[in-house]
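Report on the structure given below.
These numbers come from a predicted model, not from an experiment. Numbering of residues begins at 1 and proceeds along the displayed sequence.
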Amino acid sequence: MEPDSPFAVSWWYRTEFTLPAADAGKTIWLNFGGLNYRANIWLNGKQIANSDDVAGAWRTWEFDITAAAKAGAANTLAVQVWATEERRPRDYVRGLEPQPA
C-alpha cells in the first residue's frame, strides 16, 4: 500500500443509540455484520474489544456489552478500523445492531 493511501491509516466510525429502559437487567449484545480487517471498539468510553481480538476479513463479530451499555439512556459507540490492503471506505463497518439477548 502506498504511504499516502487513505487506507494506510485507521478509519473511525462513531454513533450514538438509545437502548429502551425495558432492557435494564438483560444481556445486551453488539453484532457486527462484517469488519475488515482489525478494529478497536469502545462503548461509552470503555474498550470492549481490541485489534488483537478483532482481526480477519469479513468475519462477523458479537460482543456482550452489558457491563458498558446504559439502558434507557444514550450510548456512544466508537470503532477504529485498519485495512490490510486497499479497500473502499464502505468496506469497513456494516451491520451494527445493538440488541438485547
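For Ser51, there are no side chain to side chain donor-acceptor pair (under 3.5 Å) partners, not counting sequence neighbours. For Trp61, there are no ring-ring contact (aromatic ring centres under 6.0 Å, His included) partners two or more places apart in sequence or in a different chain. Residues that satisfy the side chain to side chain donor-acceptor pair (under 3.5 Å) test with Thr66, not counting sequence neighbours, are Asp64. Applying the side chain to side chain donor-acceptor pair (under 3.5 Å) rule to Gln47 yields the partners Asn40; only residues at least two apart in sequence or on another chain are considered.
Leu35 has its side chain within reach of Ile41: a pair of non-hydrogen atoms, C-beta onward, lies under 4.5 Å apart. Here the side chains of Ile48 and Leu30 are in contact, with some heavy-atom distance below 4.5 Å. A heavy-atom distance below 4.5 Å is found between the side chains of Asp23 and Ile28.
In this structure, the separation between CD on Gln80 and CH2 on Trp12 is 4.0 Å, given to the nearest 0.5 Å.
For the salt bridge (Lys or Arg N to Asp or Glu O under 4.0 Å) condition, the pairs that include at least one residue of residues 8-17, sequence neighbours left out, are Arg14-Glu16.
Residues Ala24 and Ala71 share a closest heavy-atom pair of N-CB, 3.5 Å. For the pair Thr60 and Gly33, the tightest heavy-atom approach, listed with the atom from each and the gap, is CG2-O, 3.4 Å. The heavy-atom pair separating Ser10 from Trp82 by the smallest distance is CB-NE1, 3.3 Å.
A perpendicular orientation is assigned to the rings of Phe63 and Phe32, their planes being inclined by more than 60° (bins at 30° and 60°).
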Please set out all donor-acceptor pairs under 3.5 angstrom arising from side-chain atoms of residues 72-79, sequence neighbours excluded.
residue : atom : partner : partner atom : Å
Asn75   : OD1  : Asn44   : ND2          : 2.8
Asn75   : OD1  : Lys70   : N            : 2.7
Asn75   : ND2  : Lys70   : O            : 3.0
Asn75   : ND2  : Ala73   : O            : 3.0

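By the criterion of side-chain heavy atoms lying less than 4.5 angstrom apart, applied directly or through intervening Ile, Leu, Val, Met, Phe, Trp or Tyr residues, Val81 is not grouped with Trp42; the two fall into different hydrophobic clusters.
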